[in-house]
Amino acid sequence: MLGGTFDPVHLGHLRSAVELREALALDRVHMIPAAMPPLRGEPRVSPDERLALLRLGIADTPGLVADPRELERDGPSYSADTLASLRGEVGDEARLVMALGYDAFLRLADWRDPERLFALAHVVVIDRPDHEAALPAALRELLAGREVEQGEALMAHPAGKLLRLRLPSRMAISATEVRRRLATGRSVRYLLPEAVEARILARGLYRHA
């Protein structure tokens, strides 16, 4: 599970998903847009439009799935509920991973029912080249005894562990900066997949700051 607002999906998201799948030898990566992210502001475009852009971005990439389950659920997009849904599909013994960026990871202890996340899945933190900070005390307590150093140790269990993963490309593309560029008419070439850029420009999405 690789969740997020994908507002809009960019090449950093997609490259991270590909490299995450390769690094951990995952069967597939479900990219799951949040309908109502509890700890973030309202996304700039509709859930259906973000899903359409994500599907365009993924196209025929092997192992990546645009998963609409959070958009089909009422209320806030709580990750524990999403993981429970995935766990119900894959069974108790499958290795289930929730991947998230370093900025989201720093707030993990503030998420709804964070202990349940580890009961359902492993957590993999995708480090970003411009992110480094001390862990809050509540997060250190949540992670106590959970961290492993290698993917093999992670995959020895169905759930419950934490791995910090530095991906090869480490593309520091910001959706916030993409939106700023679109709002001011500046180029987003090579930040977005061509099909995503084309739909955004054709529909005038993100045009106003």
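Along the sequence shown, residues carry numbers from 1.
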Q | Cation over ring face, Arg50 and Phe6, 6.0 Å, 45° | A | no

Q: Measure the acute angle between the ring planes of His13 and His10, then classify it against the limits of 30° and 60° as parallel, tilted or perpendicular.
A: parallel

Side-chain heavy atoms under 4.5 angstrom apart, residues restricted to Ile, Leu, Val, Met, Phe, Trp, Tyr: same cluster for [X] and [Y]?
{"X": "Val65", "Y": "Leu53", "result": "no"}
{"X": "Leu96", "Y": "Trp111", "result": "yes"}
{"X": "Val123", "Y": "Leu135", "result": "yes"}

Q: Tell me, with the steps shown, if Arg73 and Ser85 meet side chain to side chain donor-acceptor pair (under 3.5 Å).
A: CA-CA 11 Å; Arg73 213 166 57 215; Ser85 172; 5.6 Å; no

Q) With Glu115, which residues qualify under salt bridge (charged side-chain N to carboxylate O under 4.0 Å, His left out), at least two apart? A) Arg146

(Q) Pairing donors with acceptors under 3.5 angstrom, does anything connect the side chains of Tyr78 and Asp113? (A) no

Q) Roughly how far, to the nearest 0.5 Å, is CD of Glu72 from CG of Leu51? A) 8.5 Å

Q | Spacing of CD1 belonging to Ile200 relative to CG belonging to Leu192, to within rounding of 0.5 Å | A | 5.0 Å

What pairs with [X] under side-chain contact (heavy atoms from CB on, under 4.5 Å), at least two apart in sequence or on another chain?
{"X": "Leu201", "value": "Leu182, Glu197"}
{"X": "Leu154", "value": "Leu24, Val97, His122, Val124, Val148, Lys161, Leu163"}
{"X": "Arg186", "value": "Glu177, Arg180, Arg181, Thr184"}
{"X": "Ala156", "value": "none"}

Q: Take Glu93 and His157, measure what side chain to side chain contact (heavy atoms under 4.5 Å, CB included) needs, and give me the verdict at the end.
A: CA-CA 8 Å; Glu93 297 306 312; His157 309 275; over 6 Å; no

Q.
Going by the rule side chain to side chain donor-acceptor pair (under 3.5 Å), which residues pair with Arg21 if we only count those two or more places apart in sequence or in a different chain?
A. none

Q | Passing option when Thr61 is tested against Val18, Leu14, Val29 for side-chain contact (heavy atoms from CB on, under 4.5 Å) | A | Val18

When you check the gap from the basic side-chain N to the acidic O, do [X] and [Y] get nearer than 4.0 Å?
{"X": "Glu149", "Y": "Arg164", "result": "no"}
{"X": "Asp67", "Y": "Arg55", "result": "no"}
{"X": "Glu194", "Y": "Arg189", "result": "no"}
{"X": "Arg87", "Y": "Asp92", "result": "no"}

